Amino acid sequence: MPLPHPVPADLAELIARRFRVLAEPMRIRLLDRLREGEATVGDLSDALAASQQNVSKHLAVLADAGMLGRRKDGNRVYYRIVDESVFALCEQVCGAAQQQLRALQDLVEGVTA
């Protein structure tokens, strides 16, 4: 669905909020790990070598933004991705970032050659 032009102020704020949520590297890493399937804070903490407190804080932000869902099973809470559209955005941004990195590497190699 194409964006309206001009973008209404309320929609611009919503889009900016999504980008702010994704602007933290730990949140990108959490989303990437959750592509494999649901996981607990402990699972994610171990997988990313991060403290459970730090992981919990970032999971809460992602859940509040509607990107993650929670499922309680006994005393464990499992997190999963509920908004798959976040991957389309990440693919576009990551693809552009990879192109920039390659161009920078080519530039550096040209200078050192």
Side-chain angles (χ1 to χ4, degrees):
M1 171 185 233
L3 280 174
H5 181 72
V7 175
D10 57 343
L11 180 57
E13 181 56 41
L14 186 61
I15 293 167
R17 179 174 183 252
R18 249 176 119 73
F19 277 110
R20 283 191 299 271
V21 167
L22 293 173
E24 169 60 47
M26 177 58 77
R27 294 182 198 140
I28 300 292
R29 293 177 64 210
L30 286 165
L31 288 168
D32 184 54
R33 168 51 187 83
L34 287 168
R35 289 173 101 164
E36 298 171 19
E38 66 180 13
T40 65
V41 171
D43 296 334
L44 294 165
S45 176
D46 291 344
L48 301 177
S51 72
Q52 288 191 2
Q53 181 181 7
N54 191 30
V55 167
S56 290
K57 174 183 75 169
H58 290 296
L59 289 171
V61 171
L62 290 164
D64 289 345
M67 295 177 189
L68 298 183
R70 300 176 182 120
R71 175 180 67 85
K72 191 165 172 96
D73 184 15
N75 61 353
R76 291 179 172 254
V77 177
Y78 289 86
Y79 290 85
R80 70 190 180 289
I81 294 168
V82 294
D83 183 355
E84 298 280 336
S85 71
V86 72
F87 292 122
L89 177 60
C90 286
E91 291 290 333
Q92 287 185 340
V93 172
C94 290
Q98 285 178 327
Q99 287 176 346
Q100 286 179 327
L101 181 59
R102 277 191 218 108
L104 182 59
Q105 286 173 335
D106 291 346
L107 182 62
V108 168
E109 289 172 3
V111 170
T112 60

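Quick caveat: nothing in here was measured; it's all calculated off a predicted structure. For this chain, numbers begin at 1 and follow the sequence in order.
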Engineer: From L34 CG over to F87 CZ, what is the distance, rounded to the nearest 0.5 angstrom?
Structural biologist: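 Reported to 0.5 Å precision, the distance equals 7.5 Å.
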Engineer: Hey, does V61 have a side-chain heavy atom less than 4.5 Å from the side chain of R27?
Structural biologist: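 Yes - at least one pair of side-chain heavy atoms lies under 4.5 Å apart.
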Engineer: My understanding is that only residues two or more places apart in sequence, or in another chain, count here; which of them pass side-chain contact (heavy atoms from CB on, under 4.5 Å) with V41?
Structural biologist: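 Scan of V41 (side-chain contact (heavy atoms from CB on, under 4.5 Å), adjacent residues dropped) gives Q52, V55, S56, L59, Y79.
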Engineer: Within the distance-only criterion (no hydrogens, no angle test), does the side chain of D32 pair as donor or acceptor with the backbone N or O of R29 below 3.5 angstrom?
Structural biologist: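 No.
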Engineer: Find out whether L48 and M26 are in side-chain contact, i.e. whether some heavy atom of one side chain is under 4.5 Å from a heavy atom of the other.
Structural biologist: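 A side-chain contact under 4.5 Å exists here.
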Engineer: Output, in order, the C-alpha distance, side-chain angles, deciding distance and verdict of side chain to side chain contact (heavy atoms under 4.5 Å, CB included) for V86 and L62.
Structural biologist: CA-CA 11 Å; V86 72; L62 290 164; over 6 Å; no
Engineer: Just checking Q105: does its CD atom have more than 12 heavy atoms from other residues, nucleotides or ligands closer to it than 6.0 angstrom?
Structural biologist: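 Count over threshold, so yes.
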Engineer: Are I28 and V21 connected in a single hydrophobic cluster, I mean Ile/Leu/Val/Met/Phe/Trp/Tyr linked by side-chain heavy atoms less than 4.5 Å apart?
Structural biologist: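 Yes, V21 and I28 fall within the same hydrophobic cluster.
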Engineer: Can you find a heavy atom in the side chain of T40 that is under 4.5 Å from one in the side chain of V77?
Structural biologist: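 Not touching, per the 4.5 Å side-chain cut-off.
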Engineer: What are the two closest heavy atoms between S45 and S51, and how far apart are they?
Structural biologist: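 Nearest heavy atoms, S45 then S51: OG-C, 3.7 Å.
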Engineer: Go through the steps to decide whether M67 and V82 satisfy the test side chain to side chain contact (heavy atoms under 4.5 Å, CB included), and finish with yes or no.
Structural biologist: CA-CA 6 Å; M67 295 177 189; V82 294; 5.9 Å; no
Engineer: Show the nearest heavy-atom pair for residues N54 and A50, with the distance to one decimal.
Structural biologist: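 Result for this residue pair: ND2-CB, 4.4 Å.
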Engineer: Show me the pairs that pass salt bridge (charged side-chain N to carboxylate O under 4.0 Å, His left out) and involve residues 65-85, at least two apart or across chains.
Structural biologist: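 Residue pairs with at least one partner in residues 65-85: R18-D83, E38-R71.
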Engineer: How far does CG of L104 sit from CZ of R102, to the nearest 0.5 angstrom?
Structural biologist: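 Separation between the atoms: 12.5 Å.
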Engineer: Just so I know, are the side chains of L68 and L31 near enough to count as touching, which here means a heavy-atom distance under 4.5 Å?
Structural biologist: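 Yes, close enough: below the 4.5 Å cut-off.
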Engineer: Applying side-chain contact (heavy atoms from CB on, under 4.5 Å), name anything that partners P25, two or more places apart in sequence or on another chain.
Structural biologist: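 So P25 forms no side-chain contact (heavy atoms from CB on, under 4.5 Å) with any residue.
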